[in-house]
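For reference, the structure discussed in these notes is given below.
Whatever order the structure lists ligands and atoms in, that order sets their numbers, starting from 1.
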Amino acid sequence: VTTHVPLGGGREFELVRRLLAVWGPQATGVGDDAATLDVPPNTQLVVSTDTSVEDVHFRRTWLTPEEIGWRATAAALSDLAAMGATPLGLVWAAVIPARWADSLDEMAIGVGAAARFAGCAIVGGDLSKGESLTLTVTVFGTAERPLRRGGAQPGDAVWVTGTLGAPARALAAWEHGGRPTDKDRSRFARPMPRVAQGLAAARAGATAAIDVSDGLVQDVGHIAAASGVRVVLQLDQLPLVLGADPLPAAASGEEYELVLTAPPSVDLAAALPSGVPVTRIGHVEVGGGVVTRLGGHVVEVVPGHDHFSRL
Ligand SMILES: [Mg+2]
């Protein structure tokens with residue numbers, strides 16, 4: 001049984017048929033000029049888009065095609081997670097150079113796996129030839145009460161999901177001509193969009209959220225600016241991967257963990273699904289900017305020198 005409109009002929013449609021065969025029932029309603037999505041009453045549509053470009057966001061030698069597909073999709077879904085939204089559907093646009101043509105199915109497997117992890121249907125896409133491998137994933141979700149960056153209040157606690165520091169170590173190893181450990185590599189290659197955590201945090205009364213794509217301190221700075229508050233981070237309390245230093249971990253991008261603020265009465269560690277740690281790492285006060293403390297002293301976190309950051 002398929003919900004797809006029957007497809008006509010032509011080379012692009014052969015490719016589309018291949019992708020649909022890879023995705024099976026995960027792909028729904030593909031084949032009209034546009035997809036339609038049912039948005040439940042009393043919810044807002046939440047939309048985000050994310051582009052991954054070869055040699056800007058990753059190198060071919062680092063990742064398998066399946067991981068490239070996973071990562072591009074997970075990065076987009078992570079933004080829905082940070083809004084406390086429930087994924088509804090995604091569209092995938094890809095520019096595929098000839099040298100990558102044979103890897104299309106594998107990339108599609110990665111896209112499908114990340115979408116399945118987040119409970120997100122694949123509702124459409126577009127394929128084009130071009131010079132650089134470029135994957136753009138646009139995600140649609142719904143939220144009754146979207147979590148925004150501007151809601152943090154003085155007195156709130158600051159929390160982070162997961163553990164920090166592995167993607168930066170993986171990047172550093174590659175940049176120095178080495179090989180990351182399997183664990184560090186997999187944290188870079190297969191980030192987990194924290195969709196269930198974002199949703200549970202919104203329901204529990206979180207006041208603001210952002211996902212860590214540029215680095216904890218830099219991203220928390222967006223919450224501070226949008227909320228008109230100061231955020232104090234206790235780097236001694238950061239949940240680190242084994243052996244990681246707190247300073248680089250606080251600057252580490254590509255983590256795709258969530259930073260959340262919530263009133264002190266809300267225990268997010270108890271409210272979020274078990275299985276992924278949720279750690280209290282600071283508080284919100286009157287003022288501006290981000291203050292980072294380590295061992296009782298104020299320290300400066302230098303933003304990562306990540307060549308592969310987004311602009
Ligand atoms: Mg984001």
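- By the criterion of a separation under 2.8 Å, the protein N/O/S atoms near the Mg ion (ligand 1) amount to Asp79 OD1, Asp211 OD1.
- For Trp100, there are no ring-ring contact (aromatic ring centres under 6.0 Å, His included) partners, not counting sequence neighbours.
- In this view, Arg148 satisfies the salt bridge (charged side-chain N to carboxylate O under 4.0 Å, His left out) rule with no residue, not counting sequence neighbours.
- Both cation-pi conditions hold for Arg71 and Phe188: the charged atom is under 6.0 angstrom from the six-membered ring centre and inside a 45 degree cone around its axis.
- Judged as a salt bridge (charged side-chain N to carboxylate O under 4.0 Å, His left out), and not counting sequence neighbours, Asp245 has no contacts.
- With contacts defined as side-chain heavy-atom distances shorter than 4.5 Å, the pair Pro246/Leu294 qualifies.
- A donor atom on one side chain and an acceptor atom on the other are not found under 3.5 Å apart for Gln237 and Arg280.
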